[in-house]
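None of these values were measured; they are calculated from a predicted model.
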Amino acid sequence: MKKSKLYLSNIEKEHPDLSYEELYDYIFELISDGKLAPVKSALTNGRKPALPVMFWKHEDEKDYTDIYKELDFGIHPLVNTEYYRKHPEKYEEDAGKVRLLSNYLKDNSSLLSVEETMNERSFEIFKKEKFFQKEGGIKFCEKLGIDRNKLNYYETSEPLSYYSHSKDFPQNILIIENKDTFYDIRRYLRINEADVLGIRFNTLIYGAGKGIWNSFADYASGAESYFKAGNELLYFGDIDYEGIIIYEHLVKKQWKCGTGESIDIKPFVRAYESMLDKAEKMGFSNMPFTKEKQNSNIENIFLDYFSENRKAQILNLLKEGKYIPQEILNEHDWSKDDGKGFS
C-alpha cells in the first residue's frame, strides 16, 4: 500500500460545491473506507465539528508488470529504456512516442543512411514535423540514447535574403544589419549604378540583426559560385554593443565555403567612420540611449580595425550609454567618397 500526505485545503479546493457539513461527511466516509487516515500530529481546523488539517492518503500500488514486459521484449534494442525502468509511471505518458521510435528503427532504419532536414525526419518518425523543433523531441530522443547523429538530420536556416546587382567575379559584398538600410542602398544601386562611399558593391545581403548567425550558413553552403570564395565581404551595422557583438559572433564562427576556403568578413570601416562623423556634427549627446540590459561583452575583433582616435570615439559613446543607428546615413551620404576605399 502506497501512502502520501494530503491537506484538508486540497480536499476543499477539489470539492468547492460541498457545504462544510457535506465535506465532513465525505471525509469521514473516506476514512471509514480506509482511503484516508488522519495524521496523528496534525492540528485541527478549529471548526465544529473539527477536521484534521492533514491526512495520509492510501493508494494501491500499481502493477507495472506489463510495462516491464514491453520494455524487455517489445522495444528495439537501440532504444535505451533505463529511464522508464526507474520511472514506469512515466512510460504510460510516453509509450506512444517510444513505440513510434522503436517501430521506425525496426522497420525503416535504412532511411537513416540519407541525411534529411530536421522537420522531415521528425515527421517520418513521429508523424509531427515540429516534434524536434518545438515539442522537446530532441531531448526525448536523447533520453532514449538516440542522439541527432544517429537520426542523421540537419537543421535548416532562414533563406538568405540578398540582392545581386551583377554576377561579376570577384566582387565586393556588403552584409547590412537593418532592413531600412538594406532597402535604401539597394534602391541607390538600382537607380544610380554608383559606388557606395567609394566602393563598388555587386551584392547586398540582408543580415536581419542576429538572424545572420543562422542564415549565413545558407551563403556558406548553398550560395551561387559567383559570390563565394575570392570575394571581399564587408559588414555594416549599428554602432552599439549589440551591433558589435552581432559582427564579432558572426566572424568567430570561422565560416568556410564548399571548397573549404575560409570566408573572411571585415567591418565596412568607411561606413562606420561616416556614421561617427555625422553623429559628431549632430552632437554625440543627441544620440539615442541604448536599450537597457544590453550585453556589453564585446571583444577587440571589431575595434581593432579602427584607428586609436576612432576606437576612442566608439568606446566613449558606448560608455555614455549612447548608440548610433546605421539609419543615420541615407541616400544623401552614399555618394560621398574620401578616397579611403576599404580603410
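Partners of Asp94 under the salt bridge (Lys or Arg N to Asp or Glu O under 4.0 Å) rule, at least two apart in sequence or in another chain, are Lys97, Lys143. Applying the salt bridge (Lys or Arg N to Asp or Glu O under 4.0 Å) rule to Lys266 yields the partners Glu232; only residues at least two apart in sequence or on another chain are considered. Residues that satisfy the salt bridge (Lys or Arg N to Asp or Glu O under 4.0 Å) test with Lys278, not counting sequence neighbours, are Asp333.
Classification of Glu124 and Arg121 as a salt-bridged pair holds, one side-chain N sitting under 4.0 Å from a carboxylate O.
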Could you walk me through whether Ile314 and Lys311 pass the side-chain contact (heavy atoms from CB on, under 4.5 Å) check? CA-CA 5 Å; Ile314 294 170; Lys311 190 184 296 187; 5.9 Å; no
Test side-chain contact (heavy atoms from CB on, under 4.5 Å) on Asn295 and Tyr241; report intermediate values, then the result. CA-CA 7 Å; Asn295 183 357; Tyr241 286 118; 6.0 Å; no
How far apart are the C-alpha atoms of Ile263 and Phe216, what are their side-chain angles, what is the distance that settles it, and do they pass the side-chain contact (heavy atoms from CB on, under 4.5 Å) test? CA-CA 11 Å; Ile263 301 173; Phe216 198 73; 4.1 Å; yes
Yes or no on side-chain contact (heavy atoms from CB on, under 4.5 Å) for Tyr83 and Leu144, after CA distance, side-chain angles and deciding distance? CA-CA 8 Å; Tyr83 172 80; Leu144 296 170; over 6 Å; no
Can you list, pair by pair, the side-chain donor-acceptor contacts under 3.5 Å of residues 42-56, counting residues two or more places apart and other chains?
residue : atom : partner : partner atom : Å
Asn45   : OD1  : Arg47   : N            : 3.3
Asn45   : OD1  : Leu51   : N            : 3.0
Asn45   : ND2  : Tyr20   : OH           : 3.0

Table please: side-chain donor-acceptor pairs of residues 26-36 below 3.5 Å, with sequence neighbours left out.
residue : atom : partner : partner atom : Å
Tyr26   : OH   : His15   : NE2          : 3.4
Ser32   : OG   : Phe28   : O            : 2.8

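Summarising the geometry, atom OG belonging to Ser274 is positioned 4.5 Å from atom CG belonging to Leu197; distances are rounded to the nearest 0.5 Å. For the atom pair Glu120 CD and Glu115 CD, the distance stands at 10.0 Å (nearest 0.5 Å).
In this structure, Tyr153 has its ring center under 6.0 Å from that of Phe132. The aromatic ring centres of Tyr235 and Tyr305 sit 6.0 Å or more apart. Here the two rings, on Tyr64 and Tyr91, have centers that are 6.0 Å apart or farther.
Within the structure, every pair that satisfies the salt bridge (Lys or Arg N to Asp or Glu O under 4.0 Å) test and touches residues 70-90, not counting sequence neighbours, is listed here: Glu70-Arg99, Asp72-Arg85, Glu82-Lys86.
Side chains of Thr203 and Gln171: a donor on one and an acceptor on the other come within 3.5 Å. Using modelled atom types and a 3.5 Å distance limit, the side chains of Asn119 and Thr117 yield no donor-acceptor pair. Asp180 and Asn178 are not linked by any side-chain donor-acceptor pair at a separation below 3.5 angstrom, with hydrogens and angles left out of the test.
Counted within 6.0 Å of OH on Tyr7, heavy atoms from surrounding residues, nucleotides or ligands total 12 or fewer; the atom is thus considered open.
Judged by distance alone, with hydrogens and angles left aside, the side-chain atoms of Ser102 form a donor-acceptor pair with the main-chain N or O of His76 at under 3.5 Å.
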